[in-house]
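Here is the naming used below: chain letters follow the sequence lines, and residue numbers restart at 1 for every chain. Heavy-atom basis, side chains included; hydrogens, waters and symmetry copies ignored.
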Amino acid sequence: MSVRVRFAPSPTGYLHIGGARTALFNWLYARHTGGQFVLRVEDTDEARNSQEAIDVIIESLRWLGLDWDEGPVDGSDLTASKGDRGPYFQSQRKEIYQKHIQALLDADKAYEHEGAIKFRMKRETVVIDDLVVGQVDRKLTDREEADPDFVIVRSDGKPVFHLVNVIDDLEMGITHVIRGEDHLSNTSKHIALFKALGAEPPKYAHIPLILNKDGSKMSKRDLGASVTTYIEGGFVPAGVVNYLLLLGWSPKDDQEVFRIEDVIERFDLPQINRQNARFDFDKLKWFNYEHTRSLSSDEFRERALPFLKAAGIDAAGFDAAYIDAAFETCKEKVKQLTELPEFCDFYFREVTEFDEEHAAKHLVPENRPHVEKLREMLAGLEAFDADTIQAGFKQVGEAQGVKLGVLVHPIRLACTGKKVGPSLFHLMEVLGKDKVLQRIDSIMGRLGEG
RNA sequence: GGCCCGUUCGUCUAACGGUUAGGACGCGGCCCUCUCAAGGCUGAAAUACGGGUUCGAUUCCCGUACGGGCUACCA
């Protein structure tokens with residue numbers, strides 16, 4: 001039987017990092033086994049739901065690259081779904097729930113109580129054969145000892161989570177439920193419900209939770225809790241996914257940086273860890289850097305341009321080759337794309353502002369002769385590539401009797417206005433001779449009389 | 001309170017019952033160097049505690065402590 005897994009978020013206005021990892025593991029398991037990945041929206045809480053909240057979930061999953069085989073087509077139209085086991089929004093499945101509730105009632109497996117409907121739960125230990133945790137003998141709690149039955153339909157007529165979740169998994173033919181460990185205890189209810197509905201329960205795999213750095217529960221406000229943080233924060237999906245992957249799953253060797261295609265091949269449930277993991281933003285940033293630097297020029301440009309635009313830098317007038325060459329000098333320097341505009345703005349606009357503290361140190365009269373010699377050297381260059389420029393700097397340095405650093409600072413200031421940036425010789429090559437000379441000329445006035 | 005799950009460097013993790021307990025992030029040092037990074041080398045850093053079982057426990061069992069989850073007419 002083909003594997004069918006699902007991710008069933010409820011639209012709360014953001015996709016929680018833990019939910020993202022649950023989605024990732026489900027997706028990976030589906031792709032690894034050649035099964036189906038279903039997206040189901042648990043939008044039963046009408047007060048809290050909104051189209052916007054659903055869009056956020058869908059956008060976040062798309063951004064992460066977790067595509068689904070069945071589920072909503074997009075967030076702009078609630079009725080549009082793909083797959084033949086729908087609808088995929090719980091808000092549209094009321095008749096289905098009603099049918100099963102009636103069946104339970106008719107079979108006396110459920111009964112009315114103070115306007116609500118309660119499920120007749122057996123007063124006995126339920127064995128859960130969990131694919132990750134192992135066999136769990138879920139004994140009754142003291143309350144269940146007193147009354148094992150639980151409400152499945154509230155007195156206002158709305159079925160509760162446990163019921164709709166089970167009915168949906170049943171109707172959608174879900175074979176493996178991979179979800180957070182916070183549902184482990186409730187699994188006894190779900191198994192009983194499946195059996196009462198005349199079906200075999202699916203296989204369960206409960207994965208550990210993601211906690212804050214200090215071990216507390218991650219809530220919406222905590223740093224990094226929402227996938228939106230990464231989308232807006234200049235992260236790349238592959239980096240976030242790689243970090244999430246290793247938070248709870250281990251390849252059992254020393255490999256850390258993964259391409260998603262390789263993960264699909266290697267991923268499986270037995271390598272999922274059992275203990276909760278703490279969230280470490282620094283390590284996530286490192287993974288992000290590793291993946292950002294290895295992006296193809298096309299993808300880097302595509303992802304970077306929106307961040308330049310947001311920072312008010314218009315790169316539209318430059319051709320792709322120039323943009324790529326410029327980005328190439330920055331690629332291995334930035335950890336997040338949000339750092340890029342500050343790092344590369346001089347490629348796309350005139351230098352009008354200077355790091356004054358740095359300028360006060362290096363745009364000084366005693367440097368004037370050096371800068372003049374450098375300008376002369378650069379103006380005479382036939383080829384304007386990094387190696388030639390560097391060789392020219394060395395010659396001037398020797399002739400003037402100063403170290404390279406003395407020459408580099410004023411020119412970097414002229415070309416970029418900044419103290420830090422890409423390799424000077426490479427950046428000059430990209431800028432081109434004309435712009436470089438013009439920018440050097442424009443700082444001559446600041447040098448005073450040599 | 002009851003029930004369930006867990007516990008290896010600060011963090012993520014590796015280790016058929018026999019290893020100098022390995023790797024990664026972060027942190028420190030050195031090297032490289034036009035800035036900032038990167039890179040190379042290197043240092044500090046862990047088996048929660050107590051009992052068993054065993055020739056030998058990080059590893060198996062029990063207990064304690066600690067952490068997390070669930071215990072709703074929340075999801």
Side-chain angles (χ1 to χ4, degrees), chain A residues 8-12 42-45 48 90 113-118 125-126 128 130 132-134 136-146 150-162 164-165 180-189 206 208-211 213-217 243 245-257 273-287 289-290 293 330-335 339 343 355 358 362 389-390 393-394 397 403-409 411-413 416 418-428:
Chain A
S10 86
T12 53
E42 304 216 335
D43 56 343
T44 48
D45 188 346
R48 226 167 27 173
Q90 286 189 336
H113 176 78
E114 293 177 353
I117 298 176
K118 291 184 84 172
T125 297
V126 175
I128 304 165
D130 195 280
V132 170
V133 187
V136 176
D137 296 329
R138 170 51 163 80
K139 299 191 196 74
L140 272 66
T141 65
D142 50 0
R143 290 190 196 191
E144 289 166 341
E145 207 70 69
F150 59 94
V151 169
I152 52 174
V153 181
R154 295 194 290 246
S155 54
D156 64 4
K158 282 199 335 216
V160 305
F161 162 76
H162 301 301
V164 296
N165 194 266
E181 196 193 274
D182 49 339
H183 286 106
L184 181 56
S185 288
N186 287 149
T187 303
S188 56
K189 290 190 176 83
H206 286 93
L209 271 19
I210 299 177
L211 273 24
K213 185 107 191 179
D214 65 0
S216 62
K217 192 175 175 176
Y243 175 70
L245 171 74
L246 263 23
L247 215 50
W249 179 84
S250 167
K252 304 297 178 190
D253 60 25
D254 288 341
Q255 187 173 351
E256 301 242 42
V257 178
N273 295 128
R274 302 175 55 172
Q275 65 272 31
N276 290 165
R278 297 182 186 211
F279 186 79
D280 183 351
F281 214 103
D282 286 330
K283 187 142 191 183
L284 194 163
K285 283 182 185 165
W286 178 77
F287 274 112
Y289 168 74
E290 289 299 320
R293 70 193 294 197
C330 305
K331 227 179 179 183
E332 301 200 344
K333 308 261 185 176
V334 296
K335 288 217 155 60
E339 297 165 5
F343 206 77
D355 178 329
H358 198 57
H362 297 282
I389 296 169
Q390 180 162 16
F393 266 68
K394 274 203 175 123
K403 285 188 185 168
L404 208 52
V406 176
L407 305 179
V408 162
H409 292 301
I411 304 301
R412 175 182 296 283
L413 239 2
T416 73
K418 297 188 177 72
K419 185 178 179 180
V420 303
S423 155
L424 180 64
F425 310 122
H426 289 87
L427 131 202
M428 290 169 82

Heavy atoms only, 4.0 Å cut-off, all strands: where does K335(A) land among base, sugar-phosphate and nothing?
sugar-phosphate

Check: Q90(A) main-chain N/O paired with D43(A) side-chain donor or acceptor under 3.5 Å:
yes

Rounded to whole angstroms, how far apart are NZ on K285(A) and C1' on C12(B)?
17 Å

Is the ring of H162(A) stacked on the base of A75(B), with centres less than 5.5 Å apart and planes under 30° off?
no

Check I210(A) against F279(A) and note the closest heavy-atom contact, atom names and distance.
CG2-CB, 4.1 Å

Determine whether a donor-acceptor pair (N or O, by modelled atom type, separation under 3.5 Å) exists between the side chain of R412(A) and the backbone of P422(A).
yes

Just call it for N186(A): base, sugar-phosphate, or nothing, with non-hydrogen atoms closer than 4.0 Å on any strand.
base

Name the nucleic acid region contacted by G215(A), choosing base, sugar-phosphate or nothing; use a 4.0 angstrom heavy-atom cut-off, strictly under.
sugar-phosphate

Distance check needed: G10(B) C1' versus K283(A) NZ, whole Å only.
13 Å

First encountered from the 5' end of RNA chain B, between P422(A) and F279(A):
F279(A)

Distance check needed: A75(B) P versus D182(A) CG, whole Å only.
14 Å

Between K139(A) and C4(B), is there a contact of a side-chain N or O with OP1 or OP2 at under 4.0 Å?
yes

Nucleotide of G68(B), A38(B), C34(B) approaching L404(A) most closely (side-chain heavy atoms):
C34(B)

When the C1' atoms of C66(B) and C27(B) are compared, how many Å lie between them, rounded to an integer?
27 Å

What's the NZ-C1' distance between K331(A) and A37(B), to the nearest Å?
15 Å

Let me know the distance between CD of Q255(A) and C1' of G22(B), rounded to the nearest Å.
16 Å

For G180(A), which contact category applies under a 4.0 Å heavy-atom criterion: base, sugar-phosphate, or nothing?
nothing

Quick check against the 3.5 Å criterion: does Y243(A) have a side-chain atom that pairs as donor or acceptor with the backbone of D280(A)?
yes

Can you tell me how far C1' of C12(B) sits from NZ of K213(A), to the nearest Å?
9 Å

Pick base, sugar-phosphate or nothing for L284(A), based on heavy-atom distances below 4.0 Å to the nucleic acid.
nothing

Strictly distance-based, threshold 3.5 Å: is any side-chain N or O of E332(A) a donor or acceptor partner for the main-chain N or O of V334(A)?
no

For the side chain of R154(A), starting at C-beta, report the closest nucleotide among C3(B), U13(B), A75(B).
A75(B)

Counting the atoms with a prime plus P, OP1 and OP2 as sugar-phosphate, which does K333(A) contact under 4.0 Å by heavy atoms, base, sugar-phosphate, or nothing?
base

Considering every strand and a 4.0 Å limit on heavy-atom distances, what is the contact class for H183(A): base, sugar-phosphate, or nothing?
base

What is the distance from CG of D254(A) to C1' of C25(B), rounded to the nearest Å?
14 Å

Identify the nucleotide, in any strand shown, that forms a Watson-Crick or G-U wobble pair with C3(B), with both distances under 3.5 Å; if there is none, say none.
G69(B)

Between the base of C4(B) and the side chain of S185(A), is one N or O donor paired with an acceptor at under 3.5 angstrom?
no

For S188(A), answer base if it contacts any base atom (sugar-phosphate contacts may also be present), sugar-phosphate if it contacts only those atoms, and nothing otherwise; contact means non-hydrogen atoms under 4.0 Å.
nothing

Kindly say whether Q275(A) contributes a backbone atom to a donor-acceptor pair with the side chain of N273(A) at under 3.5 angstrom?
no

Within the 4.0 Å heavy-atom criterion, would you say L424(A) contacts the bases, only the backbone, or no part of the nucleic acid?
base

A24(B): pairing nucleotide in any strand, Watson-Crick or G-U under 3.5 angstrom
U11(B)

For U54(B), the nucleotide meeting Watson-Crick or G-U wobble distances (both under 3.5 Å) is none

Would you confirm whether R138(A), through its side chain, and V126(A), through its main-chain N or O, come within 3.5 Å as a donor-acceptor pair?
no

Just to confirm, is there a sub-4.0 Å distance from OP1 or OP2 of A14(B) to any side-chain nitrogen or oxygen of N273(A)?
yes

Complementary nucleotide of G39(B), counting Watson-Crick and G-U pairs under 3.5 Å
C31(B)

Classify F150(A) by what it touches in the nucleic acid, base, sugar-phosphate, or nothing, heavy-atom distance under 4.0 Å.
nothing

For F150(A), does the six-membered ring have the charged nitrogen or CZ of K189(A) within the cation-pi criterion, i.e. under 6.0 angstrom from the centroid and within 45° of the normal?
yes

Under 4.0 angstrom, heavy atoms only, what part of the nucleic acid is Q275(A) near: base, sugar-phosphate, or nothing?
sugar-phosphate

Name the pairing partner of U47(B), where a pair is Watson-Crick or G-U wobble with both distances under 3.5 Å, or state none.
none

For R412(A), report the nucleic acid contact type (base, sugar-phosphate, nothing); a contact means any heavy atom under 4.0 Å.
base

Assign each of L184(A) and Q90(A) the nucleotide of RNA chain B bearing its closest heavy atom; nearer the 5' end lies the nucleotide of L184(A)

N165(A) near the nucleic acid: base, sugar-phosphate alone, or nothing, with a heavy-atom cut-off under 4.0 Å?
nothing

Mind checking if D253(A) touches a base, just sugar-phosphate, or nothing, with heavy atoms under 4.0 Å?
nothing

Nearest to the side chain of S423(A), which nucleotide is it out of C34(B), C5(B), G22(B)?
C34(B)

